[in-house]
Amino acid sequence: MPTPAISPREADVLALLGEHLSNAEIAARLFISVRTVESHTSSLLRKLALPDRRALSRRAVELARAARPRPAPALPAPLTVFVGRERERAALAALLADHRQVTAVGPGGVGKTRLALAVAAEAAGGFADGVWFVDLAPVTGPDRVAAAVAAVLGVGEQPGQGLEEAVRAALSERRALLVLDNCEQVREGVAPFLERLLAACPEVRVLATSRARLLVPFERVFPVPPLSRDGGGSSEAVALFVERATAAAGAAPDPALRDGIAAVCERLDGMALAIELAAARWPTLGLDGLRAGLSDQLRILAGGPRADDRHRSVRAVLDWSHELLEPADRALLRRVSAFVLPFTAGAAVTVAGFAPLDAGAVADGLGRLAEQSLLTAAPSAHGTRYRALETIRQYGAERLDGAGESARVRGRHLDWCLSGADGLARATDEERQLREGGWQAGFDALAEELRTALAWAAERPERRPDARRLALGLAGLAFDRHLLGEAQQRLEQAAALADDSPSDGRPSDGRPSGSSPNDSCPNGGSPAEGSPADAAAALREAARVAGCRRLGDDMYRLHRAAGAAALDAGDPAGAARDLAAAATVAHRFSSTFARLPAAAEVTALLARARELSDGSPAASAALALAEAAVLADAYGSVQGSPDNTARETVGYAERAVDLARRAGDPVAESAALDALSGAHSWAGEPFEAAGAARRRVELLALAPRTPATAHERADALAMAAATAIGVGELDRARHWGRQLAEHPLTAEVGHHATSWLLVADAFAGQEEEVLAGGARFLRAWEQGGRPRSFSLGPAAAAVAMVHGLRGDDGARASWLAVVGRAGTEEEHRHGYGAVFDATVLLHRGEAGAALERLSPAPEQVWKWVSWVWLHWYTAVRVEASVLGGHPEARERLAGARATVAGNPVAVAQLDRAQALLDGDPARVRATAAAFAAAGCRYQSARSLRLADAAGDGGERGREPGRRLSGW
């Protein structure tokens with residue numbers, strides 16, 4: 001029976017299953033619902049007659065390997081045939097083959113883009129990782145260059161780094177060609193971006209088009225000449241004219257007219273755009289009409305050598321084409337120049353549809369402008385979309401200014417953008433999934449328009465209230481689109497639009513000396529509407545987005561700026577909360593700082609917050625949390641005092657939890673529970689730590705997704721998984737680890753998303769899951785710039801352990817090298833590394849070496865093992881003592897009972913050690929069931945092997961090492 005056909009969407013789902021993505025990750029990638037993913041997965045299982053998801057993943061990998069697909073060039077498909085340019089194509093291709101960055105330079109309308117596209121298409125076979133086209137014409141500012149490239153590459157943000165770093169990480173080992181078009185308007189942003197990109201990505205090449213060279217170190221400039229007129233009627237210029245005139249008229253011009261056409265092309269200096277515009281008029285004017293019209297226009301240019309500025313021939317034809325239009329069509333051409341992206345007729349009616357144009361005139365006029373090559377028309381999922389070439393759009397904008405309509409048209413464009421942003425924001429989750437083309441596509445089709453309108457409105461005092469509203473709307477949409485960097489930027493911009501610095505011009509208490517809330521805002525200036533209170537609210541939200549990005553420095557700066565704005569607004573209680581939050585951040589998220597603030601500075605913030613507090617529940621809760629962080633070091637931060645009393649720390653944290661609950665703030669309560677979990681950890685109370693972490697997850701389960709709740713929930717899931725591992729609750733740890741992997745905030749960061757799931761799977765003996773997850777972890781970690789984190793080191797060490805248990809020393813060594821770069825040396829030496837290394841050594845029968853690896857008692861290295869690793873360290877150390885024949889083995893075993901009581905895995909390991917010490921193989925074998933019930937397959941299998949070895953008279957400490965498979 002033939003295999004049923006697989007739909008394109010099912011093929012997409014199957015391919016992502018091959019990447020071992022979760023349903024939520026697949027849903028986010030394809031912008032469909034999780035339920036839809038589940039439906040497609042069930043259909044694939046049925047159609048391919050496969051038993052489970054794992055088999056589907058293997059089949060996807062097999063299919064991908066068999067197909068050996070090469071990334072298709074991401075190049076736009078031209079609507080017209082490319083004509084001529086044989087010499088230029090060969091020369092530019094040769095230059096690109098020899099140099100890493102080539103800039104095709106020439107005036108607007110000379111044909112740079114079409115030439116670059118032709119060369120890129122021909123070169124695509126030499127770039128295994130694809131050819132990617134990025135049009136920079138719609139980009140609103142130099143700081144958006146990296147975002148434009150990232151959007152085309154499909155690269156998302158990574159915590160702790162911006163989009164530019166993410167692009168470099170994604171391309172660092174890729175052989176790819178980037179085609180950057182229309183660089184001239186953002187040249188000051190393109191140049192540094194390319195310099196850093198090419199230095200970091202040795203296999204990447206760039207083909208840029210610009211009206212001026214970019215002045216970067218790798219650059220080789222290729223001047224694009226006008227079309228050749230050599231050969232008269234048989235020249236390239238004439239060939240282009242004839243091809244376009246034939247397309248417009250439906251029949252080719254009489255060959256006898258070619259010499260006359262050559263004269264027209266000569267008058268147009270061989271400029272491709274000018275020739276195409278003239279050819280579009282062929283059906284109505286013919287050769288005589290063209291000669292007459294161009295002669296009149298070109299008289300204006302008398303007075304200098306035409307070669308000095310070939311823009312004049314394009315402008316001449318544009319002027320001429322413009323004068324041939326009916327007045328209504330002239331108005332339409334200039335008004336639609338407000339759009340920077342392809343637009344629909346409906347959008348054009350909204351923006352351009354006022355006297356003398358009504359809706360019908362707009363629709364008819366768009367067709368006529370397209371017929372005259374002044375606009376291009378292309379079908380899309382939402383109907384026909386129109387767009388002007390950048391040169392024509394800029395010409396239209398000049399005409400718009402000259403007609404005195406700019407403010408009115410751009411105001412209508414702003415209103416259209418506000419309406420569009422509101423519509424996207426109001427869409428429900430179901431509507432976002434069902435909307436034709438998808439919510440994500442809708443945002444992408446509108447985003448640059450929103451940015452352009454915002455930039456215009458922000459510079460006009462009378463429109464600043466609308467600018468602020470649009471900045472806030474764009475911030476929310478960008479957050480939903482996972483453009484976290486832009487979300488933060490727009491919130492800071494909204495704060496600047498709401499208010500500026502204090503009225504006396506001096507920093508208020510709580511603001512860093514020499515700074516203001518607007519230090520990183522794109523726009524400053526005096527407020528027209530809004531208030532300092534609005535600024536404070538926007539800055540607080542920006543701090544929360546910075547938290548989602550793992551940028552501790554920004555969180556700290558923005559909370560302080562919010563405090564200053566709250567003081568300006570006459571809200572000391574709000575300022576107290578903000579300053580307390582800044583103090584808390586310095587300790588709670590200390591590992592995300594590039595440069596930690598001085599302890600005295602943080603303590604001074606806490607003192608100032610106390611002075612400003614009004615004793616309200618919210619302020620009291622914020623202060624209590626800051627005191628737990630700063631005074632008691634509940635989060636175990638690197639700047640905390642080593643002399644903290646554990647019980648006192650627990651007391652501080654419990655008070656913070658109680659006050660946050662009274663305040664009715666689930667986010668504040670979650671943060672306080674995090675402090676309590678940390679305090680219990682440092683007190684050597686893993687079960688209490690796990691309980692507090694579990695309460696966080698339950699508390700946030702139904703909270704709406706906002707920057708604050710998204711950040712808290714991701715952190716809560718990580719802590720719940722980690723602390724569950726610490727008490728041997730492996731099934732719970734894997735459950736929360738999977739939820740973390742499916743969290744929208746971690747969709748682009750597979751290393752952070754899967755870290756605790758890898759550890760739980762490794763302890764559980766889920767060999768295949770660890771190997772598959774490890775590949776994803778490594779790929780994401782490398783693309784993310786190889787960061788360090790308290791969770792990344794253990795994850796890499798867990799994968800290394802599995803390879804060690806399998807007997808693959810080469811792979812283990814490679815992963816241990818990752819551990820050295822992903823984690824900290826002290827934690828690896830005395831914490832998780834000791835546990836994982838000793839487990840491998842015990843598996844190989846090297847009990848003496850394992851005992852040496854775990855030689856310090858837990859209390860000697862408490863800061864490293866008393867968190868997640870205390871029970872594991874204790875149990876493995878006892879087993880090594882027994883198998884290694886240590887004289888204090890029985891004493892250590894007895895002392896460890898109280899420490900690990902209640903941990904099913906650790907208790908079973910001690911029971912097994914006791915049976916080994918007593919020489920009772922039957923009791924050793926019996927522990928296999930206890931390990932299996934605890935979800936620990938590896939240790940269950942190990943009990944059986946140890947029992948067999950003991951029954952065969954194997955020596956203690958000489959357990960035969962062997963490769964594991966089929967756990």
Side-chain angles (χ1 to χ4, degrees), residues 137-141 322 325-370 374-375 377 380 382-388 390 392-426 442-474 477 490 493-494 497 523 528-529:
V139 175
T140 52
H322 181 266
L325 296 174
E326 295 295 326
D329 290 348
R330 294 179 200 170
L332 181 59
L333 180 65
R334 64 179 179 259
R335 291 175 185 178
V336 297
S337 69
F339 294 102
V340 295
L341 293 175
F343 55 90
T344 63
V349 168
T350 301
V351 173
F354 58 93
L357 302 177
D358 57 20
V362 169
D364 289 344
L366 291 173
R368 287 191 295 273
L369 293 175
L374 292 167
L375 295 178
S380 75
H382 301 280
T384 301
R385 287 187 174 270
Y386 299 88
R387 185 177 190 178
E390 183 60 17
I392 297 175
R393 193 188 71 81
Q394 293 176 6
Y395 177 86
E398 291 179 7
R399 287 284 182 173
L400 187 66
D401 290 338
E405 292 183 337
S406 183
R408 185 174 184 184
V409 169
R410 297 194 184 280
R412 291 170 69 95
H413 178 258
L414 171 63
D415 293 338
W416 174 77
C417 286
L418 286 166
S419 177
D422 289 345
L424 286 171
R426 286 194 302 267
F443 172 82
D444 292 345
L446 187 63
E448 282 300 341
E449 301 289 358
L450 302 182
R451 294 166 185 139
T452 299
L454 175 56
W456 177 81
E459 296 300 323
R460 284 153 182 81
E462 72 279 5
R463 299 309 298 257
R464 285 187 67 152
D466 289 323
R468 177 175 158 273
R469 175 184 158 200
L470 185 54
L472 289 171
L474 185 52
L477 296 172
R490 299 307 174 190
Q493 185 176 11
L497 290 165
N523 294 286
E529 295 287 343

Response to the item:
Applied to residues 331-346, the salt bridge (Lys or Arg N to Asp or Glu O under 4.0 Å) test, sequence neighbours excluded, yields R334-E405, R335-E405
Discussion item. Using a strict threshold of under 4.0 Å (side-chain N to carboxylate O), is an ion pair present between R463 and D415?
Written reply: yes
Item to complete: Name all residues meeting the side chain to side chain donor-acceptor pair (under 3.5 Å) criterion together with R393; count only those two or more places apart in sequence or in a different chain, and write none if there are none.
Response: E390
Discussion item. So, using ring pair (Phe, Tyr, Trp, His ring centres under 6.0 Å) as the criterion, who are the partners of F339 when residues are at least two apart?
Written reply: F343, H413, W416
Practice prompt. Might you point out which heavy atoms bring A348 and V362 nearest each other, and give the distance in Å?
Written response: CB-CG1, 3.8 Å
Worksheet item: Would a distance-only check, ignoring hydrogens and angles, find a side-chain to backbone donor-acceptor pair under 3.5 Å from R490 to L474?
Response: no
Response to the item:
Residues passing the side chain to side chain donor-acceptor pair (under 3.5 Å) test with E326, sequence neighbours excluded, are none
Fill in: Contacts of D422 that satisfy side chain to side chain contact (heavy atoms under 4.5 Å, CB included) - sequence neighbours left out
R426, R469
Item to complete: Report the distance from atom OG1 of T384 to atom CG of L366, rounding to the nearest 0.5 Å.
Response: 10.0 Å
Discussion item. Please give me the minimum heavy-atom distance between A388 and L375, naming the atom from each residue.
Written reply: CB-CD2, 3.7 Å
Worksheet, complete the sentence: Distance col, row L325:CG vs L369:CG, nearest 0.5 angstrom, shows 6.0 Å
Worksheet item: About how many Å separate CG of L472 and CD of Q493, when rounded to the nearest 0.5 Å?
Response: 9.5 Å
Worksheet item: Stepwise, does the side-chain contact (heavy atoms from CB on, under 4.5 Å) test hold for V351 with V336?
Response: CA-CA 7 Å; V351 173; V336 297; over 6 Å; no
Worksheet, complete the sentence: Rounded to the nearest 0.5 Å, the CG atom of L477 sits from the CG atom of L446 at a distance of 8.0 Å
Worksheet item: Is a side-chain donor or acceptor of S337 paired with a backbone partner of L333 at a separation under 3.5 angstrom?
Response: no
Worksheet item: What are the two closest non-hydrogen atoms of A458 and R464, and how far apart are they?
Response: O-CG, 4.0 Å
Discussion item. Looking at V139, is its backbone amide N or carbonyl O close enough to the side chain of R451 to form a donor-acceptor pair, meaning the two atoms are under 3.5 Å apart?
Written reply: no
Item to complete: Any pair with a residue in residues 355-370 that passes salt bridge (Lys or Arg N to Asp or Glu O under 4.0 Å), sequence neighbours left out, goes on the list, sorted by first then second residue, please.
Response: D329-R368
Worksheet item: Where do L497 and A471 come nearest, in terms of heavy atoms and distance?
Response: CD1-CB, 4.3 Å
Worksheet item: Could you give the distance from CZ (R399) to CG (D401), rounded to the nearest 0.5 Å?
Response: 11.5 Å
Worksheet entry | F354 six-ring centre to R412 NZ/CZ under 6.0 Å and within 45° of normal | no
Response to the item:
In short, A457 meets L414 closest at the heavy-atom pair CB-CD2, 3.7 Å
Practice prompt. Might you point out which heavy atoms bring R410 and A397 nearest each other, and give the distance in Å?
Written response: NH2-CB, 3.9 Å
Worksheet item: What distance separates L470 CG from L454 CG, expressed to the nearest 0.5 Å?
Response: 5.0 Å
